[in-house]
Amino acid sequence: MEKYAKLVVRSNTIYTDNLFTYKVPDFLINELSIGHRVLVPFGRGNKPTEAFVFEIIDNLDEDIKTKEIVDVLDEKPIFRVEDLELVNWMKNRYLCTYIDCINLIYPKGYKLNNYKVVTLNESIDNLSEHKFKEFLLTLNENQTKVIELIISNKGKIKVEKIKDIQNVNSLLDRMAKKQIINLYWEYKDHKNEKKICYISLTMDSDELDDYIKDNKINLGSKQKEIVKFLKNNNNIEINDLMELLNASKKSITSLYDKNLITLKLEDYYRNPNSIYKSSYKDIILNNEQQYAINKITSQMFEENKKPYMLHGITGSGKTEVYMEVIDYALKQGLDSIVLVPEIALTPQTISRFKNRFGDIVGVFHSQLSEGQKHDVYKAIKAGKIRILVGARSALFAPFNSLGVIIIDEFHETSYKSEKNPKFSAIEIAKYMSIKNDISLILGSATPPIDEYYKVKNNEYELIEIKNRANNKPLPKIKVIDMKGQLNNGNKSIFSIPLQNEIQEAIKNKSQVILFLNRRGYASFVSCRACGYVFQCENCDISLTYHKGKNIGRCHYCGYEKEIPKECPDCGSKYIKPFGVGTQKIEEELKTIFPDAKILRMDKDTTSKKGSLEEILNKFKNEEADILIGTQMLSKGLDFENVTLVGILSADMMLNFPDFKSFENTFQLITQVSGRAGRSDKEGKVILQTYDTDHYAIRRAINYDYEGFYSDEIKIRKAFGYSPFNNMISVVISGENEKVVKQNSENMYNSIIYLLKNRGINDFEFILGPNPCSIAKINQNYRWQILFKDDNIEINLLKGIIKYICITKRDVVFNKDVNVSIDINPNSVL
DNA sequence: AGCACGCCGACT
DNA sequence: GTCGGCGTGCTC
């Protein structure tokens with residue numbers, strides 16, 4: 001019987017992104033199954049390459065020459081059948097490669113390295129010393145260098161280690177042909193099974209002393225010390241011992257060689273702990289919370305249930321609902337995944353879960369080291385972690401019996417990946433929940449418009465919580481018309497009412513949060529005489545002014561430039577910063593309230609590790625009166641003593657050139673306002689704006705989600721935006737502007753050609769090619785073509801885009817341009 | 001992509 | 001005839 005395997009090979013090019021057929025060797029026929037990781041020879045040089053078995057077939061379906069699989073790399077398959085199904089689904093949905101998808105679900109801590117090595121050919125190695133010297137004389141400079149390198153490396157060297165020789169590969173090839181050297185591939189399969197080493201004595205105390213005496217063993221003073229220590233403390237961790245006694249590895253290996261100690265390796269789980277502290281309160285659930293819990297738990301074992309959308313206002317105690325559902329699942333033997341938008345911003349949520357459930361709570365996010373990720377995965381597989389809290393990547397954790405997926409604040413943009421595959425965690429979770437009957441809960445106070453539309457379409461089960469857990473009303477939002485303030489001669493960023501309220505709050509010993517959606521000091525610096533604006537040299541972006549260092553900084557690539565006293569264009573000295581950032585807010589606030597203690601939370605003050613936790617802790621412990629911050633403030637923070645929230649410029653986001661900017665404005669106002677009055681004290685919100693009449697603002701100040709939804713959905717429908725259409729963005733970027741432009745046009749023309757062939761002659765659903773709104777980032781020019789699946793079947797459209805951008809990539813695009821496909825992108829800049 | 005092969009010109 | 005350099009085409 002013959003068997004063949006269709007597999008995906010790990011190589012980092014889209015040109016090999018298909019299934020390759022290999023023959024299954026006889027000794028593996030009974031062994032090999034779908035999902036196995038195998039080693040195959042790949043390419044002309046038969047480089048040992050890692051591959052993944054997707055299918056096993058009995059006969060070749062076409063006449064192709066095949067190579068044989070060398071071996072399986074792991075005892076058990078690393079992927080389940082459903083994992084591979086997910087890979088296929090994602091590849092189709094997001095138009096990305098197999099490997100992109102595999103990398104997401106690939107168990108952490110595995111890595112196959114392959115490298116080419118050089119050794120001396122036996123005929124040379126066996127020469128006598130005299131003959132060898134003679135032989136060396138026949139070689140040229142580079143060849144001698146290679147021989148010397150091999151010898152000085154104990155007879156074997158990796159090709160990549162041979163430096164400062166040009167065209168090493170052709171040199172080595174020729175030397176191999178002349179039988180001077182051997183050239184071959186080697187590989188090493190790393191499995192990062194982090195173990196910890198425990199030391200103990202091989203025999204008990206007296207026995208050991210006799211053994212030493214009888215065998216006349218001499219011990220150094222350090223070794224004696226270690227033995228003495230081990231007599232009293234058996235089974236100690238090697239690192240602790242070395243540190244405690246200031247011992248070296250040498251003395252330990254020496255003891256081991258003398259047969260006096262044993263070393264034992266055991267699994268070790270690193271535990272990335274957050275330093276954030278939270279207090280555990282006994283919570284009494286209200287009726288709405290209880291209803292939600294009952295609804296979800298009662299259907300947990302039902303098949304074909306819909307995902308739940310938990311629409312609960314800010315402060316409605318959604319986390320309590322999550323925890324009760326998880327608790328129920330645990331008791332039924334089911335595991336849970338909780339996704340949070342940004343792990344760094346949710347130390348509070350994590351500590352609440354840890355307080356409630358203890359050690360079975362694991363944390364997973366992209367900032368963990370590979371080793372830490374591996375440990376978490378291992379603990380999950382071992383059943384030591386039953387609840388995983390993490391960022392979107394936590395979705396792919398290898399739980400054995402996953403029962404619940406919770407996505408908190410599911411309107412957050414961070415659930416859409418920026419990297420390939422540009423997946424949406426919401427979509428993947430929905431896919432998983434339907435396929436495996438998992439209870440999926442999407443929680444938010446401000447559900448995305450397109451998702452809420454699906455409630456109306458019966459795709460979700462809507463559960464609402466309309467009251468705050470503390471039974472207090474939502475904070476009243478007072479709108480201040482900044483045009484009026486200006487007319488009354490108040491040029492400050494702070495309206496008079498806001499100043500008064502801040503004063504009042506500080507007097508009452510409660511805390512204030514001020515929100516502004518822009519960091520830095522000023523949004524741009526320009527010359528009043530000629531209008532020159534300081535711009536980033538790498539991007540098409542004006543520099544944000546940072547006062548402390550007197551620099552302009554690009555918030556896209558990090559480029560910094562000192563701002564000169566004179567205009568580089570006209571030489572005038574009228575150089576001034578315009579617009580307002582959080583840094584300037586802080587400065588002005590200090591002059592108005594010189595005694596207030598102020599904290600600032602934005603990307604500039606929280607980039608250092610641990611600094612965010614420090615700021616949150618300080619504010620929580622009421623070591624500051626006012627917290628100024630950007631977007632970060634909107635993400636589920638919970639401070640009991642905050643009674644006043646100030647939104648300094650609500651229209652800043654309104655004027656963003658994106659079809660989601662109204663929705664974002666509504667969300668931000670609702671979310672930021674929700675930070676006030678979360679405990680016993682009532683909250684208040686002051687909202688400053690120049691545009692008091694905009695529906696996003698009017699609906700937000702009345703907490704009228706339904707109203708905003710009905711306004712917004714009409715606009716979405718009229719313009720054919722999501723949820724009525726999918727949007728596909730293709731961005732072509734590269735260092736050469738002309739090439740990028742020409743490639744974009746190439747692509748457009750190819751697409752038009754294919755569409756015409758299919759009888760489609762109306763191309764209104766294609767926008768562009770145009771330069772992106774941000775036409776240059778990091779020295780890369782960017783052009784965009786936008787597609788809506790208006791009047792065209794999405795799979796046909798995707799098929800054509802895939803054909804042009806992937807299958808025929810080398811025909812349509814230059815090698816040095818980057819083509820990025822994003823299905824339903826967060827923003828089209 | 002990245003690897004191997006093969007062609008070509010320069011130089012002994 | 002040999003060496004280094006670079007362009008080309010394929011990967012079961």
Side-chain angles (χ1 to χ4, degrees), chain A residues 2-25 28-29 32 34 36-72 96-100 102-103 112-118 135 137-147 158-187 419-420 734 805-820:
Chain A
E2 293 204 327
K3 290 238 180 229
Y4 296 89
K6 290 195 169 188
L7 34 86
V8 171
V9 171
R10 180 181 299 283
S11 83
N12 37 7
T13 158
I14 61 164
Y15 299 112
T16 53
D17 180 49
N18 31 44
L19 293 171
F20 289 89
T21 312
Y22 278 75
K23 186 169 187 308
V24 182
L28 284 180
I29 279 187
L32 193 72
I34 288 174
H36 253 124
R37 204 164 61 107
V38 294
L39 185 74
V40 295
F42 189 65
R44 262 212 271 223
N46 286 328
K47 182 172 164 177
T49 310
E50 185 187 41
F52 308 94
V53 179
F54 270 59
E55 277 174 56
I56 296 177
I57 52 172
D58 292 326
N59 294 301
L60 286 180
D61 36 5
E62 44 187 323
D63 188 26
I64 39 172
K65 56 177 196 283
T66 56
K67 293 177 184 173
E68 258 191 21
I69 293 174
V70 175
D71 207 352
V72 288
C96 57
T97 62
Y98 279 114
I99 284 296
D100 281 337
I102 285 174
N103 284 340
L112 188 128
N113 284 338
N114 42 23
Y115 37 85
K116 218 170 191 185
V117 289
V118 192
F135 157 75
L137 292 173
T138 67
L139 301 177
N140 68 20
E141 195 191 337
N142 279 345
Q143 291 173 329
T144 320
K145 221 183 207 169
V146 171
I147 302 294
K158 292 183 189 174
V159 173
E160 62 196 42
K161 289 249 170 85
I162 304 175
K163 280 161 194 157
D164 22 272
I165 297 180
Q166 280 195 321
N167 287 298
V168 204
N169 284 317
S170 36
L171 174 73
L172 293 177
D173 280 351
R174 267 179 269 270
M175 289 175 76
K177 271 210 190 89
K178 285 200 288 182
Q179 308 217 318
I180 302 172
I181 54 167
N182 300 323
L183 201 53
Y184 54 93
W185 284 99
E186 279 195 347
Y187 72 95
K419 282 183 298 195
N420 266 336
C805 296
I806 297 173
T807 318
K808 291 285 166 197
R809 188 183 196 225
D810 45 342
V811 183
V812 182
F813 300 100
N814 283 42
K815 276 207 161 174
D816 52 350
V817 304
N818 186 358
V819 183
S820 158

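Letters go in sequence order (proteins before strands), and every chain restarts at 1.
- When rounded to the nearest whole Å, the span between CD of A/Gln143 and C1' of C/dT2 equals 10 Å.
- Note: A/Lys6 NZ to A/Phe20 CZ = 12.0 Å, rounded to the nearest 0.5 Å.
- Side-chain nitrogen and oxygen atoms of A/Lys65 include at least one within less than 4.0 Å of the OP1 or OP2 phosphate oxygen of C/dT11.
- Note on A/Trp185: a side-chain N or O is less than 4.0 Å away from OP1 or OP2 of B/dA4.
- Rounded to whole Å, atom C1' of B/dA1 lies 14 Å from atom CG of A/Asp100.
- A donor-acceptor contact under 3.5 Å is not formed by the side chain of A/Thr66 with the base of C/dC12.
- Residues A/Cys805 and A/Ile14 share a closest heavy-atom pair of O-CD1, 4.3 Å.
- Residue A/Tyr4 is classed as having no contact, given no heavy-atom separation below 4.0 Å to the nucleic acid.
- In this structure, the OH atom of A/Tyr98 is 18 Å from the P atom of C/dT11, given to the nearest Å.
- With rounding to whole Å, A/Asn818 atom CG is found 14 Å from B/dA1 atom C1'.
- No option in A/Thr16, A/Leu112, A/Val40, A/Asn103 other than A/Asn103 meets the side-chain contact (heavy atoms from CB on, under 4.5 Å) test with A/Arg10.
- Going from atom CD1 of A/Ile56 over to atom OH of A/Tyr22 covers 15.5 Å, rounded to the nearest 0.5 Å.
- At least one side-chain nitrogen or oxygen of A/Asn167 sits closer than 4.0 Å to the OP1 or OP2 atom of C/dG5.
- The residue A/Lys6 sits apart from the nucleic acid: no heavy atom pair falls under 4.0 Å.
- Using a 4.0 Å heavy-atom criterion, one finds that A/Leu171 contacts the sugar-phosphate atoms exclusively.
- The side chain of A/Lys116 contributes an N or O atom lying less than 4.0 Å from OP1 or OP2 of B/dA4.
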Ignoring hydrogens and angles, write down the donor-acceptor pairs under 3.5 Å from the side chains of residues 167-180 of chain A, residues two or more places apart or on other chains.
from	atom 1	to	atom 2	distance (Å)
A/Ser170	OG	A/Asn167	O	3.2

Steps toward ring-ring contact (aromatic ring centres under 6.0 Å, His included) verdict (A/Tyr98, A/Phe54)
CA-CA 11 Å; A/Tyr98 279 114; A/Phe54 270 59; 5.3 Å; yes
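- Distances shorter than 4.0 Å separate some side-chain N or O of A/Asn140 from OP1 or OP2 on C/dG4.
- Taking atom CD1 of A/Ile806 as the reference point, atom P of B/dA1 lies 14 Å away to the nearest angstrom.
- In terms of the salt bridge (charged side-chain N to carboxylate O under 4.0 Å, His left out) criterion, A/Asp100 has no residue partners (sequence neighbours excluded).
- In terms of position on DNA chain B, the residue among A/Asn46 and A/Lys815 whose nearest nucleotide sits closer to the 5' end is A/Lys815.
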What's touching nucleotides 5-12 of chain B from the protein side, N or O pairs under 3.5 Å?
none

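- Atom-to-atom, CG of A/Leu39 to C1' of C/dC12 comes out at 15 Å; the value is rounded to the nearest Å.
- Remark: C1' of C/dG9 and CZ of A/Phe42 are 14 Å apart, rounded to the nearest angstrom.
- Counting to the nearest Å, the P atom of B/dG2 and the CG atom of A/Asn12 are 5 Å from each other.
- Comparing B/dA1, C/dC12, B/dC3 against the side chain of A/Lys67 picks out C/dC12 as the nearest.
- Note that CG of A/Leu139 and CD1 of A/Ile147 are 6.0 Å apart. Values are rounded to the nearest 0.5 Å.
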